[in-house]
Amino acid sequence: MIFPLKRRCWVLSVWLMLTVPVVALGHKPDKTPERSATENMVVDGRIAAALKQVSAERIRANIEKLVSFGTRSTISAQDPAAGAGRGVGAAREWIKSEFERYSKDCGGCLEVKVDTFTDPAADRIPQPTEISNVYAVLKGTDPENAKRIVLVTGHYDSRNSGILDTKGDAPGANDDGSGTAVSLECARVLSKLKFPATIIFLTVAGEEQGLNGSQHFAKMAKEQGWNIEAVLNNDIVGGDKSAEQDHSVVRVFSEGLPAAATEQEVRRIRGLGGESDSPSRQLARYIADVGRAYGAGVKPMLVFRLDRYLRGGDHSSFNQQGFAAVRFTEFREDFHHQHQNVRTEGGIEYGDLLKFVDFDYVADVARLNAATLASLASGPAPPANVHLLAKNLENDSTLTWEKSPGGLASGYEILWRATTSPEWEHVEKAGDVTSATLKLSKDNVIFAVRAVDTQGHRSLPVVPLPER
């Protein structure tokens, strides 16, 4: 249909109104078109070079060493001497020695610690048992930003078919020697660099007994007031060599409604349609951006649920304490190779054996983790007190925020996406300001604000709260 001239002018005017770019308050409109938020991450040459240092051979050696302890059951031999190189105690001491070796190589840059506690008898713990988390801290170089922490973890304990069996072999090559190897390799590679913020490389025990190690560590962090911005949990990232495996992707699970949200906060989230905008979801989206920017070799597949169906992992311990945390897991698990005694029955091989692990795949997952840790630790803190003004009924949308703590930010960016979109679709620079008005209706999109430094490092996005 051809409209009359007057009608065509009206249609053109409406179209222009709907496609006006972002206007930052106090600034002229940016005449360039909006950019895709997924194509806007700057690649840091230092980080890219570090990722090339990730070694599949080193990862293989580490997983092979973990398997050599026979069993790493949390309730197995705690004394490495008494166990004669077998049991969780021997594994603990070896992991500690590896962190210490990395620290020696970087001139003592890592502070190696052991978080030891005793859990009482329970369903999966027949008697009071000492549990140890081993971790290394790469302290941030900037006094203010060093208070910010990003963390990678995997569990070094293992199990076979019987959760209380401490004598049978439980090699745990994939579950979770692979995740432990990711933490170790990230520590080895990233300890050669310096970052404004702090990185913690963690390995926990007690996961198979009920997330005991991670629960204790997360509670300790909460009680001590640690500012943990992101937790990356790697559990079963070995890329099991089953025929149906997809070695090009890794699943990234993230909670929707935050586990630590109060009833009032849950009501607000539901009222705003923010069920898919928890801090953990923002972390998952950040990981997807990093994966595209650095081409780690494996694509993050965002799964918008806490974990696999009716299952759980160590990241949930951090979620329960209010921290943003996600889980990395291979695309397709082979359950014959998990929580099984080593045996062959009916032509099927059971057991979590070294030969089923794809070490190149684990290396790619380690690169993705390292790129995410380094990007977050290099960048500024997220902006504080982000709000969307809602006092008046209007189609324009005005956002306000306080400057990013720590002084690293040189400017801010506004993100938005359709309410039905899983990832951020659009981004506009707002400059070094603390408010911006957009010719977009808050009814139709989800907004967020992130901080940017002079080198292009970006913070996690923050979704605004309404301000009436």
Side-chain angles (χ1 to χ4, degrees), residues 36-44 47-48 50-51 54 148-154 179 182-183 185-186 189-190 195 197 199-201 228-237 239 246 248-256 276-308 313-316 318-319 323-331 361-379 382 415 417 421-425 427 448 450 456-463:
S36 168
T38 63
E39 299 174 356
N40 200 40
M41 181 164 281
V42 174
V43 173
D44 183 324
I47 297 174
L51 301 185
V54 173
R148 300 167 44 222
I149 298 169
V150 292
L151 183 152
V152 61
T153 186
V182 167
S183 282
E185 189 67 356
C186 285
V189 170
L190 296 183
F195 303 97
I199 303 178
I200 292 179
F201 310 96
I228 299 181
E229 286 186 1
V231 174
L232 311 181
N233 175 37
N234 291 266
D235 196 350
I236 311 177
V237 291
D246 186 344
S248 69
V249 300
V250 61
R251 291 181 290 177
V252 180
F253 294 89
S254 58
E255 67 175 0
S276 193
D277 281 289
S278 66
S280 296
R281 288 279 158 87
Q282 306 313 334
L283 174 56
R285 293 178 177 113
Y286 190 98
I287 292 166
D289 279 350
V290 168
R292 281 183 284 265
Y294 285 93
V298 64
K299 179 181 178 181
M301 172 183 167
L302 304 190
V303 184
F304 285 174
R305 56 167 35 125
L306 172 62
D307 206 316
R308 300 144 305 158
D314 286 317
H315 60 301
S316 64
F318 292 91
N319 289 148
F323 299 119
V326 300
R327 174 186 179 132
F328 291 79
T329 298
E330 64 191 22
F331 175 74
Y361 178 84
V362 183
D364 286 341
V365 174
R367 290 186 187 95
L368 179 59
N369 275 262
T372 303
L373 293 167
S375 296
L376 287 169
S378 297
L415 306 172
R417 70 178 199 275
S421 175
E423 295 189 53
W424 299 112
E425 298 173 305
V427 60
R450 66 186 177 195
H457 300 119
R458 288 165 170 79
S459 74
L460 289 169
V462 180
V463 174

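Hydrogens, waters and symmetry mates are skipped; everything else that's a heavy atom, side chains included, is used.
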(request) Considering non-hydrogen atoms only, spot the tightest contact between P300 and A288 and give its length. (result) CG-CA, 4.0 Å

(request) Report the C-alpha separation of I236 and R327 in whole Å, then their side-chain angles, then the decisive distance to 0.1 Å, and conclude whether the side-chain contact (heavy atoms from CB on, under 4.5 Å) test is met. (result) CA-CA 10 Å; I236 311 177; R327 174 186 179 132; 3.8 Å; yes

(request) Using modelled atom types only, decide if a donor and an acceptor are shared between the side chain of R458 and the backbone of G456 within a distance under 3.5 Å. (result) yes

(message) Quick one, V150 and I228 - any side-chain contact, counting heavy atoms below 4.5 Å?
(response) no

(message) I'd like to know if the side chain of T329 reaches the main chain of D235, judged simply by a donor and an acceptor atom lying under 3.5 Å from each other, with no hydrogens or angles considered.
(response) yes

(request) Determine whether H315 and E255 make a side-chain contact, defined as any pair of heavy atoms from C-beta on separated by less than 4.5 Å. (result) no

(request) Using only heavy-atom distances, determine whether the side chains of R281 and S276 contain a donor-acceptor pair under 3.5 Å. (result) yes

(request) To the nearest 0.5 angstrom, please state how far the OH atom of Y286 sits from the CD atom of E423. (result) 14.5 Å

(message) Please check: side-chain N/O of T372 versus main-chain N/O of L368, any donor-acceptor pairing under 3.5 Å?
(response) yes

(message) Do L415 and R285 make a side-chain contact, defined as non-hydrogen atoms from C-beta onward lying under 4.5 Å apart?
(response) no

(request) Before giving the answer on side-chain contact (heavy atoms from CB on, under 4.5 Å), spell out for S378 and I47 the whole-Å C-alpha distance, their side-chain angles and the decisive distance to 0.1 Å. (result) CA-CA 9 Å; S378 297; I47 297 174; 4.1 Å; yes

(request) Could you check if a side-chain atom of L151 sits within less than 4.5 angstrom of a side-chain atom of E229, using non-hydrogen atoms only? (result) no

(request) Hey, could you give me the CG/CZ distance between D307 and R251, rounded to the nearest 0.5 Å? (result) 8.5 Å

(message) Taking the side chain as everything from C-beta on, heavy atoms only, tell me whether Q282 gets closer than 4.5 Å to V463.
(response) yes

(request) Using the side-chain contact (heavy atoms from CB on, under 4.5 Å) rule, pick out the option among I287, L190, L232 that qualifies with N369. (result) L232

(request) Under the side-chain contact (heavy atoms from CB on, under 4.5 Å) rule, what do D277 and R417 come out as? Steps first, then yes or no, please. (result) CA-CA 11 Å; D277 281 289; R417 70 178 199 275; 2.9 Å; yes

(message) Looking at every heavy atom in both A284 and V252, which two are closest together, and how far apart are they?
(response) CB-CG1, 4.2 Å

(request) Step by step, work out the side-chain contact (heavy atoms from CB on, under 4.5 Å) result for L376 and R148. (result) CA-CA 10 Å; L376 287 169; R148 300 167 44 222; 5.6 Å; no

(message) How long is the straight-line distance from CD1 of I149 back to CD1 of I200, given to the nearest 0.5 Å?
(response) 4.5 Å

(message) Under a 3.5 Å cutoff, is there a donor and acceptor pairing between the side chains of S280 and N319?
(response) yes

(request) Determine yes or no for a side-chain-to-main-chain donor-acceptor pair under 3.5 angstrom, with R367 supplying the side chain and V54 the backbone. (result) yes

(message) Any side-chain to backbone donor/acceptor pair from E330 onto G239? Under 3.5 Å, distance only.
(response) yes

(request) Could you check if a side-chain atom of S375 sits within less than 4.5 angstrom of a side-chain atom of D44, using non-hydrogen atoms only? (result) no

(request) Could you tell me whether the side chain of F331 reaches within less than 4.5 Å of the side chain of K299, counting heavy atoms only? (result) no

(message) Would the distance check show the side chain of Y361 and the main-chain N or O of V298 forming a donor-acceptor pair, the cut-off being under 3.5 Å?
(response) no

(message) Side chains of S316 and L306, heavy atoms from C-beta outward: is any pair under 4.5 Å?
(response) yes

(request) Over all heavy atoms of both residues, which pair between A325 and F318 is shortest? Give the atoms and the distance, please. (result) CB-CB, 3.9 Å

(request) Heavy atoms only: give me the nearest D364-G297 pair and the separation to one decimal. (result) OD2-O, 3.5 Å

(message) Restricting to non-hydrogen atoms, name the atom on W424 and the atom on P461 that form the minimum distance, rounded to 0.1 Å.
(response) NE1-CG, 3.9 Å

(request) Provide the closest heavy-atom pair for G313 versus N233 in the form atom of the first, atom of the second, distance. (result) C-ND2, 4.3 Å

(message) Once rounded to the nearest 0.5 Å, what's the spacing between atom CZ of F201 and atom SG of C186?
(response) 6.5 Å

